[in-house]
Asker: 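Below you will find the structure I want to go over with you.
Keep in mind the model is a prediction, meaning the values are calculated, not measured. Keep in mind that the numbers below use all heavy atoms, side chains included, and drop hydrogens, waters and symmetry copies. Convention: sequence-line order gives letters A, B, ...; per-chain numbering from 1.
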There are 2 protein chains.
Amino acid sequence: MTTEARRTLIEAAQELYATNGVAATTPREVLARSGVGQGSLYHHFPSKRDLAAAAVAQTVDDTLGSAAATLDGADAPQRRIADYLERPRAATAGCRVGRLTADPVVMGDETLRGEVSRYFTELIELVAQAFAEQGLDAAAARDRATTAVAVIQGGYVLSRALGDDAAMSSAVRGLLELMEPRTDWARGEEQA
Amino acid sequence: MTTEARRTLIEAAQELYATNGVAATTPREVLARSGVGQGSLYHHFPSKRDLAAAAVAQTVDDTLGSAAATLDGADAPQRRIADYLERPRAATAGCRVGRLTADPVVMGDETLRGEVSRYFTELIELVAQAFAEQGLDAAAARDRATTAVAVIQGGYVLSRALGDDAAMSSAVRGLLELMEPRTDWARGEEQA
DNA sequence: GTCTATATTGTGATAGAC
DNA sequence: GTCTATCACAATATAGAC
């Protein structure tokens, strides 16, 4: 079936990109992992960039959908934000989307760069919406959402650099502590 | 002179790594940019990895020294931290060290990975020291320092992804706002 | 739509003269 | 220590049969 080989190729590419990035992933590796023949690859995807465009768009959709499931819920905004920040992550593996900002093939292709840009634009917007519901004005909500997403992305970078998931946990803990009402020297509580 | 060609090669490699990463930088490009001949490169650096080890170590030393100049100063810790966070950065260019965590050649080589690890270990320690001087206990200072460094690294990722230096500024602004004493609903000030 | 064979170019490294 | 010439191999892609 035509769609079968295509999907298999995209999935193999997604996994390889998560490990090695787009630039360092060769068509040969995609063929080996997918079990599909050479002719099929170039039938479905005339060039390496065409495969990358399909696989990266799929990864952005997957990852964004998963984040939206947490951030768009019916819980209190404070809870949704904490759930998003504390979600279990394979931090030392790095962010599948964030790592693409260091990939020369991605950054050199307008379509691929656009997918990465779309991911972060929509993610920051989701988080900003939750902060706005907490009562922050639009500008402050946007700044704080950018900070929160940056902590996650930076947490991935640090965990990878140090080879330890604890760096992500530490970065998130530091942020949550700052966002907590300061019961130590100020009044007791802010919300229920 | 022997040292001259060597230094020229390292500088050319550093610049190319900052733009394209280590994996995507070819010996030919280093030769073209440095103006040195092929034989010289392989005389000074038997393999591509040897050149990368020298150039990455130099970049880590440069970047760490520049951060330490701000963070080790005589100013109040609060000021040194703010100066570090607000330092002018070419954010859309990405972090020269942080981007290496997505580079398969770097992550696949123990020496290179060690340099990246050393950078963040020492950077977090410098920032944690300043937070500790502000009165935070060791664990809290370490978490907050990790958060601060993550905001910068995440700021680079977001600025690159969105093609806009404003993302870094927004992430830093959001963090500084969280670290400020909350004069709106708590007591007026914490320090001078 | 898929296969095998092959072409083309670039990469990483070596050889050997100077 | 530096140069030019060259090699072996892999990456990306195409050709043309089935």
Side-chain angles (χ1 to χ4, degrees), chain A residues 1-56 100 102-113, chain B residues 1-58 100 102-113:
Chain A
M1 198 195 292
T2 170
T3 316
E4 182 58 23
R6 196 187 151 85
R7 228 198 49 231
T8 308
L9 286 164
I10 288 176
E11 280 172 11
Q14 284 182 282
E15 289 160 12
L16 290 164
Y17 293 171
T19 308
N20 298 321
V22 176
T25 298
T26 69
R28 281 170 138 86
E29 289 172 307
V30 177
L31 291 173
R33 177 177 266 262
S34 65
V36 164
Q38 259 162 358
S40 292
L41 198 171
Y42 286 100
H43 172 73
H44 290 291
F45 303 103
S47 83
K48 185 186 170 175
R49 281 175 52 241
D50 294 304
L51 171 60
V56 168
L100 300 179
D103 193 305
V105 166
V106 173
M107 297 310 277
D109 181 289
E110 210 173 336
T111 302
L112 289 168
R113 223 174 37 205
Chain B
M1 198 194 293
T2 171
T3 316
E4 182 59 23
R6 195 186 151 87
R7 228 198 50 230
T8 309
L9 285 163
I10 289 176
E11 281 173 10
Q14 285 183 281
E15 290 160 12
L16 289 163
Y17 294 170
T19 309
N20 298 321
V22 176
T25 297
T26 69
R28 282 172 138 84
E29 289 172 307
V30 177
L31 292 173
R33 175 176 268 260
S34 64
V36 164
Q38 259 161 356
S40 292
L41 199 172
Y42 285 101
H43 172 73
H44 290 291
F45 304 103
S47 82
K48 185 186 171 175
R49 280 174 54 242
D50 294 304
L51 171 59
V56 167
Q58 185 63 54
L100 301 179
D103 193 305
V105 167
V106 173
M107 296 311 277
D109 181 287
E110 209 173 336
T111 303
L112 290 168
R113 224 174 37 203

Asker: Could you grab the distance from atom CD of A:E15 to atom CD of A:E11, nearest 0.5 Å is fine?
Answerer: 7.0 Å

Asker: If I compare all heavy atoms of A:A54 with all of A:I10, which pair ends up nearest, and what's the gap?
Answerer: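 A:A54 and A:I10 have their closest heavy atoms at CB-CD1, 3.9 Å.
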
Asker: Using whole Å, report how far CZ of B:R7 lies from P of D:dG1.
Answerer: 16 Å

Asker: Looking at every heavy atom in both B:A55 and B:Y17, which two are closest together, and how far apart are they?
Answerer: CB-CE1, 3.7 Å

Asker: Looking at five pairs on each end of the helix from C:dG1-D:dC18 to C:dC18-D:dG1, what is the angle between the two axes, given to 10 degrees?
Answerer: 10°

Asker: Determine yes or no for a side-chain-to-main-chain donor-acceptor pair under 3.5 angstrom, with B:N20 supplying the side chain and B:T25 the backbone.
Answerer: no

Asker: Under 4.0 Å between a side-chain N or O of A:H43 and OP1 or OP2 of C:dT2?
Answerer: no

Asker: Tell me the interatomic distance from A:L31, atom CG, to D:dA10, atom C1', rounded to whole angstroms.
Answerer: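 Between C1' of D:dA10 and CG of A:L31: 14 Å.
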
Asker: If you measure from CG on A:L16 to CZ on A:R33, what distance do you get to the nearest 0.5 Å?
Answerer: 5.0 Å

Asker: Give the C-alpha distance, both sets of side-chain angles, the deciding distance and a yes or no for side-chain contact (heavy atoms from CB on, under 4.5 Å) between A:L112 and A:L100.
Answerer: CA-CA 9 Å; A:L112 289 168; A:L100 300 179; over 6 Å; no

Asker: Going from CG on B:L41 to CZ on B:R6, what distance comes out if it is rounded to the nearest 0.5 angstrom?
Answerer: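 Here the rounded value is 11.0 Å.
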
Asker: Can you tell me how far C1' of D:dA5 sits from CG of B:L41, to the nearest Å?
Answerer: 17 Å

Asker: Just how far, in rounded Å, is C1' of D:dC3 from NE2 of B:H44?
Answerer: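 So the NE2-C1' distance, B:H44 to D:dC3, works out to 13 Å.
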
Asker: Within this structure, what is the CG-CZ distance for the pair A:L51 and A:R49, rounded to the nearest 0.5 Å?
Answerer: 12.0 Å

Asker: Summarise how protein sits on nucleotides 8-15 of chain C as a single string, 5' to 3': B when a protein heavy atom is under 4.0 Å from the base, S for sugar-phosphate-only contact, - for no contact.
Answerer: ---BBBB-

